[in-house]
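Encoded as structure tokens, the structure appears first; notes follow it.
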Protein chains: 2
Amino acid sequence: MVEKQLNLSKNQRIIFDLIDKSPEPMKAYSILFNVQKKGIKAPLQVYRALDKLVEIGKIHKIESRNAFIACQNSSCQISKTTAFSICESCEKVTEIKDNKLAKYLTNFSDNTGMNYKKYNLEFFGLCKKCKRK
Amino acid sequence: MVEKQLNLSKNQRIIFDLIDKSPEPMKAYSILFNVQKKGIKAPLQVYRALDKLVEIGKIHKIESRNAFIACQNSSCQISKTTAFSICESCEKVTEIKDNKLAKYLTNFSDNTGMNYKKYNLEFFGLCKKCKRK
DNA sequence: TAACGTTATGTAATAATATAACATTTAGAA
DNA sequence: TTCTAAATGTTATATTATTACATAACGTTA
Ligand SMILES: [Zn+2]
Ligand SMILES: [Zn+2]
Ligand SMILES: [Zn+2]
Ligand SMILES: [Zn+2]
């Protein structure tokens, strides 16, 4: 989606490109370290870009890891409904794209009558690779 | 469950009782502040008790808030599968006890064939009270 | 273009959350 | 009693995130 990237500001694009290239979730201070050569020197510059990128759905925060990954789901532009699989051994994280799951959760309503347009689901287990060991 | 509480160590019980009485999730340093009069003086003492209490399922961590609540689900003793409703206005958090949901998620398996015995789901929205305003 | 409001940036300081390392004590089991 | 695992105490430090304030860039429209 080149279009969307064109709308990113300088810092936002630098940081998004870095996260997007990373095979694993990146932590804020690791991002900071990696972009210092590009002139981004302070934590706040990183956190501001992260906040914006999360807001527009280009990246997601993996809450249990305090780390960020690029959205792997092209249809998930303003991503209020997210699901991830996390390997507890190698820490590989994959965004789950499953329409049935999304539908089930979006339609879920609890016994208080509260219903939800937003959720975050994190599954934990062992990935194929780690299971074999 | 008096039985389970009897197994808690001194620090664990002090901290569990505090969280259990709290109407809202508690943060670690707020817990620390509240138990200093009982002799728990250092963050690590709090975090160790929290770790243990989470491990045995007496409390859960609300990942998106870095806060802890007592398990509200008596059957959820070693709680690897958790679901919460979080009000984005007043920050009220409720543990969701819904067997159908639990079954659905426990049986969920993604397209990689990975399956999961553990998950954490956080729903966001407005509670009844906040919706009225 | 000029003026305006909004968004983004720069910088320093500090707050909030969490862990490492090491010594000692306590509680149970053998 | 002796041994071991779990829990505690203490200090220091690492990691994650925000406050406060000043400046610059951008996009709109008069
Ligand atoms: Zn996504
Ligand atoms: Zn793995
Ligand atoms: Zn529970
Ligand atoms: Zn509310």
Side-chain angles (χ1 to χ4, degrees), chain A residues 3-19 22 24-69 78 86 88 91 93 120 122, chain B residues 3-19 22 24-69 78 91 93 120 122:
Chain A
E3 259 183 296
K4 287 207 85 184
Q5 286 195 50
L6 288 178
N7 292 330
L8 300 180
S9 73
K10 179 170 144 269
N11 288 1
Q12 288 160 17
R13 183 166 331 168
I14 290 170
I15 287 173
F16 174 73
D17 286 346
L18 178 67
I19 296 172
S22 171
E24 63 219 2
M26 293 196 75
K27 303 200 144 217
Y29 277 72
S30 158
I31 292 167
L32 176 57
F33 178 80
N34 277 276
V35 297
Q36 274 175 335
K37 46 183 170 278
K38 304 214 174 184
I40 296 175
K41 291 178 237 157
L44 189 48
Q45 293 175 292
V46 172
Y47 280 104
R48 282 197 286 223
L50 290 174
D51 283 351
K52 188 67 184 187
L53 291 167
V54 166
E55 185 191 327
I56 64 178
K58 297 287 293 180
I59 65 171
H60 304 299
K61 182 172 188 181
I62 309 301
E63 293 287 356
S64 65
R65 300 298 187 259
N66 295 321
F68 300 84
I69 66 168
I78 296 177
I86 302 171
E88 288 186 298
E91 293 292 325
V93 174
N120 179 54
E122 297 181 3
Chain B
E3 260 184 294
K4 289 208 83 186
Q5 286 193 51
L6 288 178
N7 292 330
L8 300 181
S9 73
K10 178 171 145 271
N11 287 1
Q12 287 159 18
R13 184 166 330 166
I14 290 170
I15 287 173
F16 174 73
D17 286 346
L18 178 66
I19 296 172
S22 171
E24 62 219 2
M26 292 196 76
K27 304 200 143 217
Y29 278 72
S30 156
I31 292 167
L32 175 58
F33 178 80
N34 277 277
V35 297
Q36 274 174 336
K37 46 184 172 278
K38 304 216 172 179
I40 297 176
K41 291 180 237 156
L44 192 47
Q45 293 174 291
V46 172
Y47 280 104
R48 282 196 286 224
L50 290 174
D51 284 351
K52 188 69 186 185
L53 291 168
V54 166
E55 186 192 325
I56 64 179
K58 297 286 293 177
I59 64 171
H60 304 301
K61 181 172 187 182
I62 308 301
E63 292 286 356
S64 65
R65 300 299 188 258
N66 296 321
F68 300 84
I69 66 170
I78 295 178
E91 294 293 324
V93 174
N120 179 54
E122 298 181 2

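Predicted model only: the values in this text are computed from it and were never measured. Reminder, nothing fancy here: chain letters follow the sequence lines and each chain counts from 1.
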Starting from the C-alpha separation in whole Å, work towards a yes-or-no answer on side chain to side chain contact (heavy atoms under 4.5 Å, CB included) for A:Lys61 and A:Asn120. CA-CA 10 Å; A:Lys61 182 172 188 181; A:Asn120 179 54; over 6 Å; no
Run the side chain to side chain contact (heavy atoms under 4.5 Å, CB included) test on B:Val93 and B:Glu24 for me, step by step, so that the C-alpha distance in whole Å, both residues' side-chain angles and the decisive distance to 0.1 Å come before the verdict. CA-CA 7 Å; B:Val93 174; B:Glu24 62 219 2; over 6 Å; no
Show, in sequence, the C-alpha distance, side-chain angles and deciding distance for A:Ile62 and A:Phe68, and conclude whether the side chain to side chain contact (heavy atoms under 4.5 Å, CB included) test is met. CA-CA 6 Å; A:Ile62 309 301; A:Phe68 300 84; over 6 Å; no
List the steps, then state whether side chain to side chain contact (heavy atoms under 4.5 Å, CB included) holds for B:Ile15 with B:Leu8. CA-CA 10 Å; B:Ile15 287 173; B:Leu8 300 181; over 6 Å; no
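For the pair A:Leu8 CG and C:dT9 C1', the interatomic distance rounds to 15 Å; values are reported in whole Å. Atom CZ in A:Arg48 sits roughly 12 Å away from atom P in D:dT19 (whole-Å rounding). One can place CG of B:Asn66 at 13 Å from P of C:dA16, the figure rounded to the nearest angstrom. As rounded to whole Å, 13 Å separates atom C1' of C:dA27 from atom NZ of B:Lys52. Between A:Lys61 atom NZ and C:dT17 atom P the separation is 12 Å, expressed in whole Å. The CD1-P distance, from A:Ile56 to C:dA8, rounds to 9 Å in whole Å. In this structure, B:Tyr47 atom OH and C:dA16 atom P are separated by 12 Å, rounded to whole Å. Distance, B:Lys38 NZ to D:dT8 P: 15 Å, rounded to whole Å.
Set against D:dA17, C:dT9, D:dG9, the side chain of A:Ser9 has C:dT9 as its closest nucleotide. With C:dT9, D:dA7, C:dA18 as the candidates, the nucleotide lying closest to the side chain of A:Gln45 is C:dT9. For A:Pro43, whose side chain is taken as the heavy atoms from C-beta onward, the closest listed nucleotide among C:dT19, D:dT18, C:dG10 is D:dT18.
A sub-4.0 Å separation between OP1 or OP2 of C:dA27 and a side-chain N or O of B:Asn7 is absent. Residue B:Lys41 has no polar side-chain atom (N or O) positioned under 4.0 Å from OP1 or OP2 of D:dG9.
The residue among B:Lys10 and A:Phe68 whose nearest nucleotide of DNA chain D lies closer to the 5′ end is B:Lys10. Looking at which nucleotide of DNA chain C each of B:Arg65 and B:Leu44 is closest to, the 5′-most match is held by B:Arg65.
Taking only distance into account, the side chain of B:Tyr29 never meets the base of C:dA15 through a donor-acceptor pair shorter than 3.5 Å.
With no hydrogens or angles considered, a side-chain donor-acceptor pair links B:Ser64 and B:Glu122 at under 3.5 Å.
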